[in-house]
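Single-structure report; data block below.
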There are 2 protein chains.
Amino acid sequence: MMDKATQLLNPMKVQDDMEVNKPDTATRILDVAERLFVEHGFEATSLRMITQQAEVNLAAVNYHFGSKDALFESVFMRRIGPFVAACLAELDALEQSGQALTAEALVLTFIKPCLMLSKDPTKGGALFVRLMSRTLVENHRLLREALNQQYSVFVQRYSSAFQAALPQFETEDIAWRMHFAFGVMFNAFAGNDVLKIFVRSQVVSARDPDMVVKHLVPFVVAGLTAPV
Amino acid sequence: MMDKATQLLNPMKVQDDMEVNKPDTATRILDVAERLFVEHGFEATSLRMITQQAEVNLAAVNYHFGSKDALFESVFMRRIGPFVAACLAELDALEQSGQALTAEALVLTFIKPCLMLSKDPTKGGALFVRLMSRTLVENHRLLREALNQQYSVFVQRYSSAFQAALPQFETEDIAWRMHFAFGVMFNAFAGNDVLKIFVRSQVVSARDPDMVVKHLVPFVVAGLTAPV
DNA sequence: AAGCGTTTTAAACTTACGTTTTAATTTGAT
DNA sequence: ATCAAATTAAAACGTAAGTTTAAAACGCTT
């Protein structure tokens, strides 16, 4: 038995799908698990639910990924790397373009990758944003440590960029505003709406990513650049 | 056997605590369950964890509340009513004070009750804000329906108030801004920080409610009043 | 002190979970 | 075509979950 998880992190179709257009076992598991983890959460999603919907044997999860915990990690890691890379690429492009480093431009370097995820035709990307918001509150210890080591550069880069874009503010103020700004952006793309706790579907078009962006950008930019 | 859950929704100490300062069985269960549901989530919290820490018999949960689901509902309902009432009271006071109906004043009618919860010496209130943010993503169907019926007035009142305070914006714009504003406020008080997925404790003092408010209000007000 | 509804207790029950095992099957290189 | 490796499959394992039961203990009224 070999651990196929790492191999899957670099998604490449080595061989074409045999009969129908069915991805291989591990990919089917990842796709179904991603959706179910988002819908029901980690604990409430059983391996039997996953394997039944993925039309694979129950033991396939433990064979390909080792454990349910490791499966979750694989589900998450499959998306987080490309997403962070996309944000950093946007940051690089902005910094080297010679454009003015405004708060709005910085916000867009984050929003554009979010928008791409939200428009993922396979819907996997759209689920990932919601998965992140669930992961945030579910607080997986193992995952936290792995992400801290690999992707702390994400925060570092954005911190530096925002300090350059907003030189009139102190470091601590910028940290707070980034905290709020990324929070509201993530929640917006995840479709989280506190008000829908109290009343059904207040913002009906909140699932249209373009509408989200249209209203989100002015809100976040205003918050980021507000006078202290 | 009688269902004591409804009785507990109106918290009143019928008899004083007998020997030490120990609340009765149902209250001890509610307190412990509240904390564990926040820490680990609904599914990952077992009745045995709850009853052991509450120092009550395992069967006490089903006796007093009927089921684990009903216990969660009781945990939530114990706090949501007083919280909504506090917000509406602040709204009433503002509208009858003759002060100008500004976005900032409206934001404060929501923040002041949040602040009171966050400073609850028993810590139960602080937990409740986090419980709401978990509930938001965990999406309990039964709870959703119950809240929709009882507390839709919450959104209605704030919608009217914000439309009065921001007459220059269309109804849909205001809905979007409220969506973002309440989202960032809830997350702020719940201590949710997306950036801490990537790096440890970016905003270290994010757990001091006064500091949260200090930075949160300018951010939210700016977002709410930003030009379209 | 007796009686009675309420509460607590200990134990068992059923079910579902993640995981493991073992064998069968498929795959790919020689 | 063969054989070793990789994968799939079926079944069982041990555990822990929510719930139920029935008896014991308690608290209050009479």
Side-chain angles (χ1 to χ4, degrees), chain A residues 1-8 12-20 22-30 32-33 36-37 39-75 138 140-142, chain B residues 1-8 13-20 22-30 32-33 36-37 39-75 138 140 142:
Chain A
M1 156 183 171
M2 83 165 227
D3 196 324
K4 207 179 178 185
T6 52
Q7 167 189 335
L8 284 161
M12 44 185 177
K13 292 265 172 48
V14 177
Q15 63 203 16
D16 42 1
D17 311 328
M18 303 175 299
E19 22 187 3
V20 289
K22 225 174 183 181
D24 65 9
T25 300
T27 304
R28 284 214 303 285
I29 292 175
L30 285 175
V32 172
L36 293 182
F37 283 153
E39 284 178 17
H40 308 108
F42 177 77
E43 302 283 349
T45 302
S46 71
L47 295 185
R48 283 167 178 83
M49 292 166 62
I50 295 172
T51 52
Q52 277 175 23
Q53 295 197 26
E55 298 180 88
V56 301
N57 189 269
L58 169 60
V61 170
N62 283 279
Y63 174 75
H64 285 284
F65 301 96
S67 68
K68 189 188 176 187
D69 281 292
L71 169 62
F72 181 86
E73 203 167 322
S74 294
V75 166
E138 289 187 357
H140 281 250
R141 181 177 40 80
L142 296 173
Chain B
M1 156 182 173
M2 84 168 226
D3 197 325
K4 208 178 178 184
T6 52
Q7 167 189 335
L8 284 163
K13 290 265 172 52
V14 178
Q15 62 202 15
D16 42 3
D17 310 327
M18 302 176 300
E19 22 186 3
V20 287
K22 225 174 182 180
D24 64 9
T25 300
T27 304
R28 283 215 303 285
I29 292 174
L30 285 174
V32 172
L36 293 182
F37 284 153
E39 284 178 17
H40 308 107
F42 177 76
E43 300 285 347
T45 302
S46 72
L47 295 185
R48 284 167 177 82
M49 292 166 63
I50 295 172
T51 52
Q52 278 175 24
Q53 296 198 24
E55 296 180 90
V56 302
N57 188 271
L58 169 60
V61 170
N62 284 277
Y63 175 75
H64 285 284
F65 301 96
S67 68
K68 189 188 176 186
D69 281 292
L71 169 61
F72 182 85
E73 202 166 323
S74 294
V75 166
E138 289 188 356
H140 282 250
L142 296 174

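Reminder, nothing fancy here: chain letters follow the sequence lines and each chain counts from 1.
- Remark: of the listed residues A:Phe42, A:Phe37, A:Phe65, A:Phe37 is the sole one forming a side-chain contact (heavy atoms from CB on, under 4.5 Å) with A:Val75.
- Using a 4.0 Å heavy-atom criterion, one finds that B:Thr45 contacts the sugar-phosphate atoms exclusively.
- Side-chain N/O atoms of B:Ser46 include one lying less than 4.0 angstrom from OP1 or OP2 on D:dA17.
- Residue B:Ser67 places none of its side-chain N or O atoms closer than 4.0 Å to OP1 or OP2 of D:dG18.
- Residue B:Asn62 places its side chain closer to D:dT20 than to any other of D:dT20, D:dA9, C:dA12.
- In terms of phosphate contacts, B:His64 brings a side-chain nitrogen or oxygen within less than 4.0 Å of OP1 or OP2 of C:dT8.
- Side chain of B:Lys68 to main chain of B:Thr45: a donor-acceptor pair is present (N/O by atom type, distance under 3.5 Å, no hydrogens or angles).
- Between A:Val56 and A:Arg48, the residue anchored closer to the 5' end of DNA chain D is A:Val56, taking for each the nucleotide with the nearest heavy atom.
- Here NE2 of B:His40 is found 10.0 Å from CD of A:Glu43. Values are rounded to the nearest 0.5 Å.
- Note that the CG atom of A:Leu30 and the CG atom of A:Leu71 stand 6.5 Å from one another [nearest 0.5 Å].
- The CD-P distance, from A:Glu55 to D:dA10, rounds to 13 Å in whole Å.
- A straight line from NZ of A:Lys68 to P of C:dT20 spans 15 Å, rounded to a whole angstrom.
- Atom-to-atom, CG of B:Asp69 to P of D:dT19 comes out at 7 Å; the value is rounded to the nearest Å.
- The separation between B:Asp24 atom CG and D:dG27 atom P is 13 Å, rounded to whole Å.
- In this entry the distance linking CG of B:Leu58 with C1' of D:dT19 reads 8 Å, nearest Å.
- Between B:Asn57 atom CG and D:dG18 atom P the separation is 14 Å, expressed in whole Å.
- To the nearest angstrom, C1' of C:dC17 lies 13 Å from CD of A:Gln52.
- Counting to the nearest Å, the P atom of D:dA17 and the CE atom of B:Met49 are 8 Å from each other.
- Between the side chain of B:Ser74 and the main chain of B:Ala70, a donor-acceptor pair closer than 3.5 Å is present.
- Listed nucleotides D:dA17, C:dT21, C:dG18 differ in distance to A:Ala59; the shortest reach to its side chain belongs to C:dT21.
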